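To start, the structure itself, in structure tokens.
Start at 1 with the first residue, then count along the sequence. Note that the structure is a prediction, hence the values are computed from the model and not measured.
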Amino acid sequence: MSTQSSNTLAGKTLFITGASRGIGKAIALKAARDGANVAIAAKTTEPHPKLPGTIYTAAKEVEEAGGAYLACQVDIRYEDQVKSAVEKAVAKFGGIDILVNNASAINMTGTLDTEMKKFDLMMGVNVRGTFLCSKMCLPYLMKSDNPHILNISPPLNLNSRWFKDHVAYTMAKYGMSMCVLGMAEEFRSKHVAVNALWPRTAIYTAAVQMICADNKEIVRECRKPEIMADAAYTILTKDSKTYTGNFAIDDEILRDAGVTDIGKYSCVPGGKLSLDFFLEGEIPGQELIQPA
């Protein structure tokens, strides 16, 4: 565990759920380039037929990027597995400075078409998993000099538009955001920052490829996972005593940090970007495809 506060993640220990691929892995690699320690907490140990990446392939990339790693096979719905993974990370690295609650389950169906096993999976991973990982990491986070919890979850927008077509998924994602709302205040006096980060646009990951398999043009509407990694890095290097309880949007965070070339994150330069779920409005200088 790091005992120094600075604008770098060098020597910091991050516990990242769902870090075997996608946004979670991008955040892990960004931290690794600073020389951070990364506990990769995910389920995948054998390659998925449609989703590349395992905890071991991610660990190899973290090492190659300059970080130290711990590959933890863990289903974050289960208390014993999370407890064991956290204890292993602490034993190896001496503590935990940062928790990134990235793991998430998605099933965009209406009420009558939502199987209860899918409902339970989303509630178990998104809500229970986020709460459980936070609960298990907090005793160690409170010993860090600049502790952060970052949930990859949206601002709490109560427009019924975001509930009517997939109420179960919305409840599950908003459960993660409600953890931010509550824990930020609960642990403010302990100087543990708790924030949320959400992308302005769709992010092109293997999961998006699989979900949108029938839409070959989806890549033109997306940004790269690196925009979320860079935004997460900006948040995680802020002073935990002063930056907490925020529902941050990736491009806003980067613009506030002085990044002027947001276009570099587009998968296809000049592509017509798709606004992500739970967000309304526009991107400066961009025409948007509004989510259905």
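Between the Glu221 side chain and the Leu273 main chain, no donor and acceptor come within less than 3.5 Å of each other. At distances below 3.5 Å, at least one donor-acceptor pair connects side-chain atoms of Arg128 with backbone N or O atoms of Arg77. Panel note: side chain Thr57, backbone Thr54; a donor-acceptor pair is recorded below 3.5 Å. Put simply, the side chain of Tyr69 never gets that close to the backbone of Glu61: no donor and acceptor are under 3.5 Å apart. A distance-only check finds no donor-acceptor pair linking the side chain of Arg33 to the backbone of Ala65 [under 3.5 Å]. When atom types are taken as modelled, the side chain of Lys173 and the backbone of Ala168 share no donor-acceptor pair closer than 3.5 angstrom. No side-chain donor-acceptor contact under 3.5 Å links Asn195 to the backbone of Leu150. With hydrogens and angles ignored, the 3.5 Å screen pairs a side-chain donor or acceptor of Asn146 with a backbone N or O of Lys238. Distance alone, capped at 3.5 Å, is enough to place a donor-acceptor pair between the Thr114 side chain and the Gly110 backbone. For the pair Thr234 (side chain) and Leu254 (backbone), a donor-acceptor distance under 3.5 Å is absent.
Residues Trp198 and Phe277 share a closest heavy-atom pair of NE1-O, 2.9 Å. The two residues Ile40 and Ala19 come nearest to each other via the heavy atoms CG2-CB, 3.7 Å. Taking all atoms of both residues into account, the shortest heavy-atom contact from Leu275 to Gly281 is CD2-O, 3.9 Å. The two residues Ala172 and Val127 come nearest to each other via the heavy atoms O-CG2, 3.4 Å. Contact record, Ile253 with Ala248: CG1-CB, 3.5 Å, taken as the closest heavy-atom pair. Residues Pro155 and Phe247 come closest through the heavy atom pair CA-CD2, 3.9 Å.
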Residues Ser20, Lys25; criterion side chain to side chain donor-acceptor pair (under 3.5 Å); working and verdict: CA-CA 6 Å; Ser20 59; Lys25 188 180 78 170; over 6 Å; no
Audit row: Ile55, Gln73, side-chain contact (heavy atoms from CB on, under 4.5 Å) steps and yes/no: CA-CA 7 Å; Ile55 57 174; Gln73 182 184 15; 4.0 Å; yes
Chi angles and distances behind the side-chain contact (heavy atoms from CB on, under 4.5 Å) call for Ile227, Ile203: CA-CA 9 Å; Ile227 189 170; Ile203 301 295; 3.7 Å; yes
Verdict with supporting geometry, Asn107 and Thr109, side chain to side chain donor-acceptor pair (under 3.5 Å): CA-CA 6 Å; Asn107 191 58; Thr109 50; 2.9 Å; yes
side-chain contact (heavy atoms from CB on, under 4.5 Å) between Cys179 and Asn151, intermediate numbers included: CA-CA 9 Å; Cys179 285; Asn151 294 354; 4.0 Å; yes
Steps toward side chain to side chain donor-acceptor pair (under 3.5 Å) verdict (Asp34, Thr8): CA-CA 7 Å; Asp34 266 6; Thr8 175; 3.0 Å; yes
Residue pair Leu197, Val100: steps toward the side-chain contact (heavy atoms from CB on, under 4.5 Å) verdict: CA-CA 10 Å; Leu197 176 64; Val100 179; over 6 Å; no
Residues Tyr140, Phe15; criterion ring-ring contact (aromatic ring centres under 6.0 Å, His included); working and verdict: CA-CA 11 Å; Tyr140 303 103; Phe15 190 96; over 10 Å; no
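A 6.0 Å sphere centred on CD of Glu186 holds more than 12 heavy atoms belonging to other residues, nucleotides or ligands. Counted within 6.0 Å of NZ on Lys92, heavy atoms from surrounding residues, nucleotides or ligands total more than 12; the atom is thus considered enclosed. Within a 6.0 Å radius of CD in Glu46, other residues, nucleotides and ligands contribute 12 heavy atoms or fewer. Heavy atoms of other residues, nucleotides or ligands lying less than 6.0 angstrom from CZ of Phe163 number more than 12. Summarising the local packing, CE of Met178 is surrounded by 12 or fewer heavy atoms from other residues, nucleotides or ligands at distances under 6.0 Å. Crowding of Arg220 atom CZ: a count of heavy atoms from other residues, nucleotides or ligands under 6.0 Å not exceeding 12.
Once rounded to the nearest 0.5 Å, the distance linking CG of Asn101 with CD1 of Ile152 reads 8.5 Å. Separation of atoms OH (Tyr169) and CG (Asn126) is listed at 7.0 Å; rounding is to 0.5 Å. To the nearest 0.5 Å, atom CZ of residue Phe187 and atom OG1 of residue Thr244 are 11.0 Å apart. Rounded to the nearest 0.5 Å, atoms CD1 (Ile106) and CG (Leu121) are 11.5 Å apart. Between Asp250 atom CG and Glu226 atom CD the span is 12.0 Å, to the nearest 0.5 Å. Taking OG1 from Thr111 and NE2 from His166, the interatomic distance works out to 11.0 Å, rounded to the nearest 0.5 Å.
Side chains of Gln81 and Ile76 form no contact here, defined as non-hydrogen atoms less than 4.5 Å apart. Asp97 has its side chain out of reach of His148: every pair of non-hydrogen atoms, C-beta onward, lies at least 4.5 Å apart. Counting heavy atoms from C-beta on, the side chains of Pro47 and Pro52 never come closer than 4.5 Å. Looking at heavy atoms from C-beta onward, Val86 lies in side-chain contact with Cys137 at the 4.5 angstrom threshold. Residues Arg255 and Val259 have side chains not in contact (no heavy-atom distance under 4.5 Å, counting atoms from C-beta outward). The shortest distance between side-chain heavy atoms of Thr170 and Phe278 falls below 4.5 Å.
Figure legend: cation-pi geometry between Lys12 and Phe93 absent, as NZ or CZ is not positioned both under 6.0 Å from the six-membered ring centre and within 45° of its axis. With Tyr265 as the aromatic partner, Lys224 does not meet the cation-pi criteria of under 6.0 angstrom to the ring centre and within 45 degrees of the ring axis.
One finds no salt bridge joining Lys118 and Glu115 here, because no Lys/Arg side-chain nitrogen approaches an Asp/Glu carboxylate oxygen to under 4.0 Å. Asp276 has no carboxylate O lying under 4.0 Å from a charged side-chain N of Arg200, or vice versa, which leaves the two without a salt bridge. One finds a salt bridge joining Arg223 and Asp251 here, because a Lys/Arg side-chain nitrogen approaches an Asp/Glu carboxylate oxygen to under 4.0 Å.
Placement of Tyr78 and Met122 in two distinct hydrophobic clusters is found when ILVMFWY residues are connected by side-chain heavy-atom separations under 4.5 Å, directly or transitively. Taken together through direct or relayed side-chain contacts under 4.5 Å among Ile, Leu, Val, Met, Phe, Trp and Tyr, Met176 and Leu99 form parts of separate hydrophobic clusters.
The one candidate from Thr237, Leu9, Ile27 that meets the side chain to side chain contact (heavy atoms under 4.5 Å, CB included) condition with Ile98 is Leu9.
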